[in-house]
Amino acid sequence: MSLLDCTRVSAIVGGKEIILETGRLARQAAGAVWIQCEGTVAFTTVCETPLDTPRDFFPLTVEYAEKMYAAGRIPGNFFRREIGRPSDNETLISRLIDRPIRPLFPKGYGNEVQVLAQVLSHDGKNMPDVQCITAASAALCISHIPFDGPIAGARLGRVNGEFVINPTIQELEESDLDLVFAASETAVVMVEGEAKFVPENVIIEALEWGHKAIQPLIQAQRELAEKAGKQKVEFTPKEDDEALYAHVEKLALEAGMDKALRIPDKLERKEARKNVKNAVKEIMLQDPNYAENEEALKEVSVILEHLEKKIVRQRILKEGTRIDNRDTKTVRPIEIETSVLPRTHGSIIFARGETKALVVTTLGASSDELRTDGLAGDEVKNFMLHYNFPPFSVGEVKPLRISRREIGHGHLAERALKAIIPSQEDFPFTVRVVSETVESNGSSSMAAVCGGCLSLMDAGVPIKTPIAGVAMGLIKEDDEYLVLTDILGDEDALGDMDFKIAGSTEGITAVQMDIKINGLPTDVMARAMAQAKEARLHILNTMLSALPEYRKELSPYAPQYDQFTVNPDTIRMIIGPGGKNIKAITSATNATVDIDDSGAISIFAPTKEAMEKAKQMVLYYDQKAELGKNYQAKVRRILEIGAIVEILPNIEALVHISQLDTNRVEKTEDIARLGEDMTVKVIEINGDKIRASRKAVLLEEQGIEWNPEDTARPARKERNDREHKGDRHDRKPRRDREHKD
């Protein structure tokens, strides 16, 4: 057997061949799959290790990395290598791979599992993120690790009204839809993406169409597992001690668990649940049957969690009543306060129930744009949204770190709002929105969307249309599905779905769906989206009652902007040698000056005064001489017939020797000295040739009115006068001298 032997299968999806192979690389991993679509190649591995100490959660780690050599590039950082900290894009794709595969591991499986995905080749057309979802599933399917797959990932676009599976980067630019989804053979398991006000029914149609289109990838993974798959280890979940469960549940109900779960206030409910838990443990410790049974005592917390979930879910299904006494379709009370921070450009407090966000918009210059280094080249963003979730928002003590969750929620809110940001031509500012979650009880990412929209309006950003967002939940028992509007944090934890939907009155701008069950039929998704639209319209009406439209004037503390055009020939003068002039302008005004080769000048300044000063300093280099105007000129050259002076940047004029003084001047050097200043008046403009007069200025200073006709051609006039008077240094005409000779 060759060291490079491999097993290979392929599938045709969207007219392109997708290759899956294993065995050539990473044979010591539990599973390793090379996936290739045309010139894009990704490689995904999976490994596991048993844990000595079991954990109360599944220890799955997913890491995605982009190797810059994949696109024939060298990293742009100081070290010129891929550094340890993943980029935001790598973090987002790691989450994209993690979310659909996590629910497919058996419940109770406790070994630590690591999935590593990396891009080895990128052709600039086919995007590797969805390929890595499929490759991760394939690697798990051929490994010995128990996994309820396969699933496949794909991207959906819509170009000219036609759905496209796995569109190229170029096709996405023309698409009004960009949905990434993962699906099993029978159902969709994950959705995330953005749209340009696409109706709900189109989203559902796209997912139904895409689900059918990726079935060849499901079959290809089954074929690969049959040819090269390892024997799956048998995993038997720990059997529940029915007697212990019944005993703990009985004690909890007697201690008031049902009553505690009816308390609407989150903190009060949390305290009541804690008291019930402590009461149950105290009784257990006093019971000789359990006092010395450490395993049983450890199970108390797990049993109580199961009980809470059962109580809440059954109450919703049977009574239609939720934890905070709402029905399944009602949105929590909303309160909004605008312009809460005096010195920011736009600020909003958006409160929905016990979730509250302080959202701030900041306007900047083009120099504030975000530039990132990626496989597709340098990306420039003039709109960004950052979501923060400090520990005090849920009353906890934790280190301040930017988590994957914060990056993911911020990306979702940014996608939702991106569709309403005006073009650079209409609004040339860089825009940054920051959502500070100050209180949280579910749907904080959608609070970032609603508050973000309002803060943009408060800052005077001319948005295309207002949008809102809402998070939908799901309770599934057997074949019964119940959709919940505007879910609480506990309903997210106890439910089966978290479906976030943002959009306007016209359509969807962003979606994200995660489920904890093995799949979700599209008819249930359609029901959730229809219910979400009702909630979204209600939220939009509430938002617009607080702020009906965007403010027509920017904050006085926002950057001032102006754009104008200069002669392209003057650009080098504006910049100056080594950037001397432009540096002087920015230093004196704290303004940012952008210069285009066409002569278009854009200025961002901190104040109106700084803007006007910067503009005048720039225009100083783009002036034209005016007839009859005085200028403070600098002598640049000394000639026998006069002096060449610079009256404006790069504009010179001749001061004839006869125009240097009111008295007769024998030599130019008697009046004009190189490098010195003199005040002159422009007396003639003939195309590019300009004549100036110091004499005219001196006459005006003496109170003698200057007549342009008297100095229009003074040198020639004086010569003619002298000739008429016979005064040419007392020289006789040549004719007379010849006669005399």
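In this chain, residues are counted from 1 in sequence order.
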Quiz item: Who passes ring pair (Phe, Tyr, Trp, His ring centres under 6.0 Å) against Tyr109, sequence neighbours left out?
Solution: Phe235
Hey, what do you get for [atom1] ([X]) to [atom2] ([Y]), rounding to the nearest 0.5 Å?
X: Ile475; Y: Ile316; atom1: CD1; atom2: CD1; value: 4.5 Å
X: Met190; Y: Leu520; atom1: CE; atom2: CG; value: 13.5 Å
X: Leu474; Y: Asp496; atom1: CG; atom2: CG; value: 5.5 Å

Self-check item: Pair Glu48, His144: side-chain N/O donor-acceptor within cut-off below 3.5 Å
Solution: yes
Exercise. Go through the side-chain N and O atoms of Gln531 and Thr485 and say whether any donor and acceptor fall under 3.5 Å apart.
Key: yes
Does [X] pair with [Y] as a salt bridge, N-O distance under 4.0 Å?
X: Glu194; Y: Lys418; answer: yes
X: Glu249; Y: Lys310; answer: yes
X: Arg332; Y: Asp324; answer: no
X: Arg404; Y: Asp98; answer: no
X: Lys212; Y: Glu208; answer: no
X: Lys196; Y: Asp178; answer: no
X: Glu299; Y: Lys238; answer: yes
X: Glu192; Y: Arg95; answer: no
X: Asp123; Y: Lys125; answer: no

Practice problem: Return the orientation label for the Phe105 and Phe58 ring planes: parallel under 30°, perpendicular over 60°, tilted otherwise. | Solution: tilted
Quiz prompt | Those residues that, when tested against Ala42, pass side chain to side chain contact (heavy atoms under 4.5 Å, CB included) (two or more places apart) | solution = Ile35, Cys132
With a cut-off of 6.0 Å (strictly less than), are more than 12 heavy atoms of other residues, nucleotides or ligands near [atom1] of [X]?
X: Gln170; atom1: CD; value: yes
X: Lys16; atom1: NZ; value: yes
X: Glu506; atom1: CD; value: no

Quiz prompt | Distance under 6.0 Å and angle within 45° of ring axis: Arg155 vs Phe181 | solution = no
Exercise. Go through the steps for Asp486 and Arg536 under the test salt bridge (Lys or Arg N to Asp or Glu O under 4.0 Å), then give the verdict.
Key: CA-CA 10 Å; Asp486 185 23; Arg536 189 170 76 247; over 6 Å; no
